[in-house]
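The first residue in the sequence is number 1, and the count goes up from there.
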Amino acid sequence: MTLTWEGAERAGSGWEELSPYAGRYRLPVWDCTVGLVVGEDAALMIDAGSSVREGAWLRARARSLLGGRRITHLALTHPHFDHVFGAAAFAGAEVFGAVGVERVLGDEGEELRADAVRNGADPGEAAEAADLLVRPRHLVCGEWTLDLGGGRQVLLANVGPGHTGHDLAVLVAGDGGGGGDGSRPGSGSASSGSGSGSPEIVFCGDLVEESGEPQAGPDAVPSHWPAALDRLLALGGEDALYVPGHGAVVDAAFVRAQRDALAGRFGVR
C-alpha cells in the first residue's frame, strides 16, 4: 500500500513521514508523539493521545490516511495520561504494553486523572478517560515481533525501567537488511541518507525527549534510565531515526548525549 504522508514537522500540523511505511503525528498542547506503522495486512498505532476525544480524532485521521483501513494494533509506550488516555477510542485493536503496565492502568486511574488535570487537561475529559482506561492484553517481558504483512515487521522491546517502571520501545525494521543474526527485524539497515533504503526507526516514548528536559516524576527509576537508553541505542544502532515522546526526531548522537546528561543528573553510570 502506498501512503501519501502530509510531510509536516510542527506539532499539530499533520502526519510526518519517517519512511514510506511509517510516520508520526506531533499532537498539540503537550507536543506528544503518536506513531503509525503500516503493513499489507495490519496497521500499528504507537500511543493513543491524551483523551478519548483525541484518540477518536487520531483514529479518524489514521483511517483517512489508510484509505478506510482501521488500526489493528496499539502499543502503549508507558502509563502516562498523555500517551494512554485515548486508548479506549481504538476498539477492536490488539493492545500491547510492557509487563506491569496493566497493574498501573488497572489500579492507578485516579492518580492518572489527577495528573492530567494538574497539567491542564479538561477535568471532564480526564475523568472519562480514567473510567475507560484500557489495560493491554499483550504484555511484553523481553521482545515481541509483530508481523504487519508484506514483509513489514516491528519489534516491541521492554527496555525499562527508566522514565517509568514500564517503558516499551518500538523498533521498525529498515529496508537495508534483515538483521545481523536473522532473528531481529532490520538490525543492519542503512541510514536515510545512504540511498540504499529506509533507515530503522526507534519510537522511544518519553525515555527520550527533544522539546524539553526529560521529565522524572515519582514513578521514574533514575538509577536505571541511562541503561534503558543504552538498550535503545543497541536496538537501533548508529544510523537509526530515534523518535522521542516529545519533540523532533533525533539521531544516535543526541540519544547518547541525553544518556550521559541523565547519568550525570542522577549520579549513575
Undergrad: Please list all pairs passing the salt bridge (charged side-chain N to carboxylate O under 4.0 Å, His left out) test where one or both residues lie in residues 201-212, with sequence neighbours left out.
TA: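 Pairs touching residues 201-212 that pass the test: none.
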
Undergrad: Quick one: list whatever passes salt bridge (Lys or Arg N to Asp or Glu O under 4.0 Å) with Glu128, sequence neighbours left out.
TA: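 None.
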
Undergrad: May I ask you to decide if Ala257's main-chain N or O and Asp260's side chain share a donor-acceptor pair within less than 3.5 Å?
TA: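 Not a single qualifying donor-acceptor pair exists.
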
Undergrad: Tell me which pairs pass ring-ring contact (aromatic ring centres under 6.0 Å, His included) where either residue lies in residues 97-118, with sequence neighbours left out.
TA: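 Checked against ring-ring contact (aromatic ring centres under 6.0 Å, His included) - neighbours excluded - no pair reaches residues 97-118.
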
Undergrad: Suppose we screen for side chain to side chain contact (heavy atoms under 4.5 Å, CB included). Which residues come up paired with Ser51, at least two apart in sequence or across chains?
TA: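 With sequence neighbours excluded, Ser51 shows a side chain to side chain contact (heavy atoms under 4.5 Å, CB included) to Arg53, Glu54, Glu125, given in chain and number order.
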
Undergrad: How long is the gap from CG on Asn119 to CZ on Phe81, to the nearest 0.5 Å?
TA: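 The distance works out to 4.5 Å.
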
Undergrad: Just to verify, what does His83 make a ring-ring contact (aromatic ring centres under 6.0 Å, His included) with, not counting sequence neighbours?
TA: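 Expected list: His78, His246.
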
Undergrad: Does Arg259 reach the main-chain N or O of Leu229 with its side chain, forming a donor-acceptor pair under 3.5 Å?
TA: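 Side chain of Arg259 to backbone of Leu229: no pair is present.
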
Undergrad: Donor-acceptor check, side chain of His163 to backbone of Gln215, threshold 3.5 angstrom: yes or no?
TA: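 Between the backbone of Gln215 and the side chain of His163 there is a qualifying donor-acceptor contact (under 3.5 Å).
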
Undergrad: Which residues pass the side chain to side chain contact (heavy atoms under 4.5 Å, CB included) test with Asp147, not counting sequence neighbours?
TA: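 Expected list: Gln153.
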
Undergrad: Using 0.5 Å steps for rounding, measure from the SG atom of Cys204 to the CG atom of Leu168.
TA: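 Cys204 atom SG to Leu168 atom CG measures 11.5 Å (nearest 0.5 Å).
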
Undergrad: Minimum heavy-atom separation for Thr72 to Ala42, with atom names?
TA: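 What the structure gives for the nearest pair is OG1-CB, 3.2 Å.
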
Undergrad: Applying salt bridge (charged side-chain N to carboxylate O under 4.0 Å, His left out), which residue pairs with at least one partner in residues 96-112 are found, sequence neighbours left out?
TA: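 For residues 96-112, and leaving out neighbouring residues, the salt bridge (charged side-chain N to carboxylate O under 4.0 Å, His left out) pairs sorted by first residue read Glu110-Arg113.
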
Undergrad: Keeping to residues at least two apart or across chains, list the ring-ring contact (aromatic ring centres under 6.0 Å, His included) pairs with something in residues 107-140.
TA: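 For residues 107-140: Phe96-His138, His138-Trp144.
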
Undergrad: Would you call Arg152 and Glu40 a salt bridge, taking side-chain N to carboxylate O under 4.0 Å as the test?
TA: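 Looking at Glu40 together with Arg152, the answer is no, because their closest N to O distance does not fall below 4.0 Å.
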
Undergrad: Who passes salt bridge (Lys or Arg N to Asp or Glu O under 4.0 Å) against Arg256, sequence neighbours left out?
TA: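 So Arg256 forms a salt bridge (Lys or Arg N to Asp or Glu O under 4.0 Å) with Glu238.
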
Undergrad: Using a side-chain heavy atom cutoff under 4.5 Å and only I, L, V, M, F, W and Y, what cluster partners does Leu132 have?
TA: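 Other cluster members: Val52.
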
Undergrad: What side-chain donor-acceptor pairs closer than 3.5 Å can you find for residues 216-228, not counting sequence neighbours?
TA:
from, atom 1, to, atom 2, distance (Å)
Asp219, OD1, His80, NE2, 3.4
Asp219, OD2, His80, NE2, 2.8
Trp225, NE1, Leu207, O, 3.1

Undergrad: Is any side-chain heavy atom of Pro244 closer than 4.5 Å to one of Gln258?
TA: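 Contact flag for Gln258/Pro244 side chains = no.
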
Undergrad: For atom CZ of Arg137, decide whether the heavy atoms of other residues, nucleotides or ligands shown that lie under 6.0 angstrom number more than 12.
TA: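 Count not over threshold, so no.
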
Undergrad: Name all pairs fulfilling the ring-ring contact (aromatic ring centres under 6.0 Å, His included) condition that reach into residues 107-133, sequence neighbours left out, sorted by first residue then second.
TA: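 Listed by first then second residue: nothing to list.
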
Undergrad: Hey, is the main chain of Gly68 close enough, under 3.5 Å, to the side chain of Arg63 for a donor-acceptor pair?
TA: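 Flag set: sc Arg63 to bb Gly68 pair under 3.5 Å.
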
